Amino acid sequence: MASSPTFDALLSKIEARSARAGIIGLGYVGLPLAMAIARSGFPVTGFDIDPGKIVSIEARRSYIDAVTSHDLAAQIDDGRFSATTEFAALKDCDVIVICVPTPLTKHRDPDLSFVEATSHAIAAHLRAGQLIVLESTTYPGTTDDIVKVILEKTGLKSGKDFFVGFSPEREDPGNQHFHTATIPKVVAGDGAEALALMTSFYGAAVKTVVPVSSNATAEAVKLTENIFRSVNIALVNELKTVYAAMGIDVWEVIDAAKTKPFGYMPFYPGPGLGGHCIPIDPFYLTWKSREYELPTRFIELAGEINSAMPRYVVGKLAEALDIRAGKALSRSRVLVLGLAYKKNVADIRESPSLRLIELIEERGGKADYHDPHVAEIPPTREYQALKGRKSVSLENLADYDVVLIATDHDGIDYGALAKNAPLIIDTRNVFARQGLQGDHIVKA
Ligand SMILES: NC(=O)c1ccc[n+]([C@@H]2O[C@H](COP(=O)([O-])OP(=O)(O)OC[C@H]3O[C@@H](n4cnc5c(N)ncnc54)[C@H](O)[C@@H]3O)[C@@H](O)[C@H]2O)c1
């Protein structure tokens with residue numbers, strides 16, 4: 001079948017790198033993506049409803065760890081990147097990529113309000129010859145049943161006048177080995193021409209493109225990856241509690257098990273799940289599966305086990321205080337080390353550390369935290385009472401009865417901690433990994 005003139009024109013623009021890309025939502029995903037696309041030669045306009053982000057970009061100040069201010073300044077000064085809150089500029093974009101949040105509602109259902117609002121904003125400026133891409137993580141069917149449907153209300157048709165695709169984001173904050181351009185990118189489109197445009201566009205910015213047959217398949221790929229992590233983390237968390245009762249160290253078990261050169265992949269236990277993805281995304285599939293009257297037992301069981309971890313850890317902490325220091329948690333001061341959900345990042349979204357502090361205080365203990373990446377607790381929806389608390393110095397360890405390692409940030413002097421803290425609860429096995437031992441270091 002001959003290709004359409006709209007397709008040919010857009011493909012030529014993409015191949016010549018003269019197509020303008022519009023990135024909507026300049027957060028953890030959108031800003032690094034905008035940089036990768038600009039670096040590959042496309043002119044890029046970033047859009048966000050948060051004027052603070054635009055001010056920061058214009059001042060050449062990055063607010064995302066994965067993007068240096070130096071790189072941001074280089075792209076702006078070379079004329080390849082600018083950012084705005086004015087959505088009318090969408091009409092000048094040939095490829096528009098949506099990177100807005102997809103959280104859960106209070107009732108743990110998908111909250112697609114950001115995706116819908118963005119789709120309406122695009123529809124208001126939609127013109128023939130544009131490729132619209134969704135990157136936000138979501139359940140299979142969102143791109144075709146929500147984004148495309150909203151866009152087609154303009155009277156323009158997907159596959160004929162404009163094109164629609166989905167490509168999941170695989171950012172791994174803090175990962176030193178992989179970044180946007182070197183992580184293989186799964187792409188899909190509504191129809192063969194949309195897929196060809198997706199392959200050409202992303203192929204210009206990332207090293208490896210992995211085309212799949214439909215947008216719903218690509219949406220399912222992303223959920224599968226995150227469900228896989230959630231279930232495997234839950235499994236080792238469950239094994240941790242069982243082995244601990246048997247006097248077996250789960251970390252030692254995992255270190256030995258991973259020497260098997262096939263059929264095993266190590267996952268590590270911890271104080272609970274955190275971040276914007278793993279605790280949330282699996283429930284997008286649970287919600288969609290209800291439409292098919294199918295249960296998602298693995299997902300829900302993993303959710304239950306992982307969200308029980310902070311309570312398990314605080315139970316271990318109270319037990320250790322009681323047995324080793326003869327002290328009740330209600331009369332103790334606890335220093336929680338690490339507020340971010342994973343090491344070496346500043347991201348506290350869904351961080352179990354917040355829940356740990358809450359649980360310690362529910363039981364009458366007094367908790368402070370230290371985190372070199374998080375100077376102060378910002379406002380959060382769930383932990384409003386913790387807002388404004390500040391990271392304390394590690395110099396006053398004598399003020400605390402126990403240090404709880406929630407996040408194993410690099411750059412902490414664990415040797416000094418092992419020497420000076422009277423009692424340590426280690427949920428990350430960081431002391432053993434550094435060869436530091438002692439009766440006062442308890443794994444949990
Ligand atoms: N953070 C990650 O590591 C990661 C990894 C893979 C996938 N994802 C997915 O990517 C998507 C975005 O996540 P994120 O972490 O970048 O979120 P984020 O909160 O860091 O950024 C989202 C940005 O979108 C902006 N925004 C919200 N509504 C908007 C609108 N109507 N128009 C324009 N801008 C709007 C916000 O102001 C914010 O700057 C989510 O679906 C998430 O699940 C995130």
Side-chain angles (χ1 to χ4, degrees), residues 22-36 45-57 62-67 83-90 93 96-104 110-125 132-140 142-143 146-147 150 166-175 178-180 183-186 206 218-219 221-230 273-285 340-342 344-351 378-381:
I23 309 292
I24 308 184
L26 298 170
Y28 286 89
V29 167
L31 193 63
L33 181 71
M35 291 299 106
T45 309
F47 297 84
D48 207 292
I49 49 169
D50 175 359
K53 291 210 167 73
I54 310 303
V55 168
S56 182
I57 289 170
S62 174
Y63 45 86
I64 298 284
D65 287 341
V67 173
T84 178
T85 52
E86 295 296 331
F87 283 69
L90 281 173
C93 298
I96 296 173
V97 187
I98 306 170
C99 305
V100 296
T102 44
L104 294 172
D111 176 1
L112 287 181
S113 59
F114 299 91
V115 171
E116 285 169 359
T118 306
S119 303
H120 285 293
I122 298 170
H125 305 284
I132 316 297
V133 187
L134 182 63
E135 284 225 9
S136 304
T137 306
T138 184
Y139 60 78
T142 309
T143 308
I146 296 191
V147 178
I150 292 173
F166 181 83
S167 179
E169 182 49 60
R170 284 169 160 171
E171 268 316 296
D172 182 18
N175 191 318
F178 292 100
H179 53 90
T180 311
I183 303 170
K185 195 117 175 74
V186 172
V206 303
E219 289 160 336
V221 169
K222 174 69 190 178
L223 290 185
T224 302
E225 293 167 4
N226 285 356
I227 291 163
F228 177 80
R229 282 191 67 74
S230 169
L273 286 184
H276 180 38
C277 298
I278 315 291
I280 292 174
D281 303 346
F283 294 98
Y284 268 68
L285 192 67
Y341 79 92
K342 69 189 273 193
N344 306 337
V345 302
D347 192 347
I348 63 154
R349 289 180 295 176
E350 309 289 321
S351 175
T380 54
R381 199 166 60 180

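Each ligand, and each atom within it, is numbered from 1 in the order the structure gives. Bear in mind that the values here come from a model prediction, so they are computed numbers and not experimental data.
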For atom 24 (O) of ligand 1, the protein heavy atom that lies nearest, with its residue and separation: G25 CA, 3.3 Å

Could you tell me whether the side chain of F166 reaches within less than 4.5 Å of the side chain of V221, counting heavy atoms only? no

Quick one: does K53 get an N or O within less than 3.5 Å of an N or O on ligand 1? yes

If you have a sec, work out which protein heavy atom is nearest atom 8 (N) of ligand 1 and how many Å separate them, to one decimal? V29 CG2, 3.6 Å

Atom 41 (O) of ligand 1 [closest protein heavy-atom partner, distance rounded to 0.1 Å]: T102 OG1, 2.5 Å

So, taking the atom named CD1 in I96 and the one named CG in L134, what distance separates them when rounded to the nearest 0.5 Å? 12.5 Å

Per-atom contacts, ligand 1 versus D50 - under 4.0 Å to a heavy atom: 37 (O)

Of all protein heavy atoms, the one nearest atom 7 (C) of ligand 1 is T137 OG1, 3.3 Å

Measuring from atom CG of D347 to atom NZ of K342, what distance do you get when rounded to the nearest 0.5 angstrom? 9.0 Å

Within this structure, what is the CD1-OG distance for the pair I146 and S119, rounded to the nearest 0.5 Å? 8.0 Å

Is F47 close to C93 at the side-chain level, that is, under 4.5 Å between some pair of heavy atoms? yes

Heavy-atom nearest option to atom 29 (C) of ligand 1, drawn from I49, I64, L31, T85: I49

Candidate list L112, I227, N226, test side-chain contact (heavy atoms from CB on, under 4.5 Å), partner Y284, passing option: L112

Could you say whether the N/O atoms of Y28 and ligand 1 ever approach to under 3.5 Å? yes

What atoms of ligand 1 come closer than 4.0 angstrom to any heavy atom of H276? 13 (O), 15 (O), 40 (C), 42 (C), 43 (O)

So, 4.0 Å and heavy atoms of K222: is ligand 1 close enough to count as a contact? yes

Within the 4.0 Å heavy-atom shell around F114, which atoms of ligand 1 are there? 27 (C), 28 (N)

At under 4.0 Å between heavy atoms, which part of Y284 makes contact with ligand 1: side chain, backbone, both or neither? neither

State, with a plain yes or no, whether a side-chain heavy atom of I98 is found less than 4.5 Å away from one of I132. yes

With heavy atoms and a 4.0 Å threshold, my read on which part of A121 contacts ligand 1 is neither

Residue among E135, E219, K222 satisfying side-chain contact (heavy atoms from CB on, under 4.5 Å) with P168: K222

Is the shortest side-chain heavy-atom distance between T137 and E169 below 4.5 Å? no

In the protein, what heavy atom is nearest to atom 33 (C) of ligand 1, and what distance, to one decimal place, separates them? I24 CG2, 3.4 Å

Nearest-contact summary for atom 17 (O) of ligand 1 - protein heavy atom, Å: R349 NH1, 3.7 Å

To the nearest 0.5 Å, how far apart are CZ in F114 and CD1 in I49? 7.0 Å

Just which atoms of ligand 1 are under 4.0 Å from any heavy atom in C277? 4 (C), 5 (C), 6 (C), 44 (C)

I need the atoms of ligand 1 closer than 4.0 Å to a non-hydrogen atom of T118, numbered in the order shown. 30 (C), 31 (N), 32 (N)

Taking atom 22 (C) of ligand 1 as the point of reference, which of A117, P101, S113 owns the nearest heavy atom? P101

Atom 39 (O) of ligand 1 - nearest protein heavy atom and its distance: D48 OD2, 2.6 Å

If you measure from each non-hydrogen atom of S136 to ligand 1, which part falls under 4.0 Å: side chain, backbone, both or neither? both

Residues D281 and R229 bridged, charged N to O under 4.0 Å: no

Are the side chains of I24 and F87 in contact, using a 4.5 Å heavy-atom criterion? yes

Among I54, I57, I23, side-chain contact (heavy atoms from CB on, under 4.5 Å) partner for D48: I54

For atom 21 (O) of ligand 1, find the nearest protein heavy atom and state the residue, atom name and distance (0.1 Å precision). G27 CA, 3.2 Å

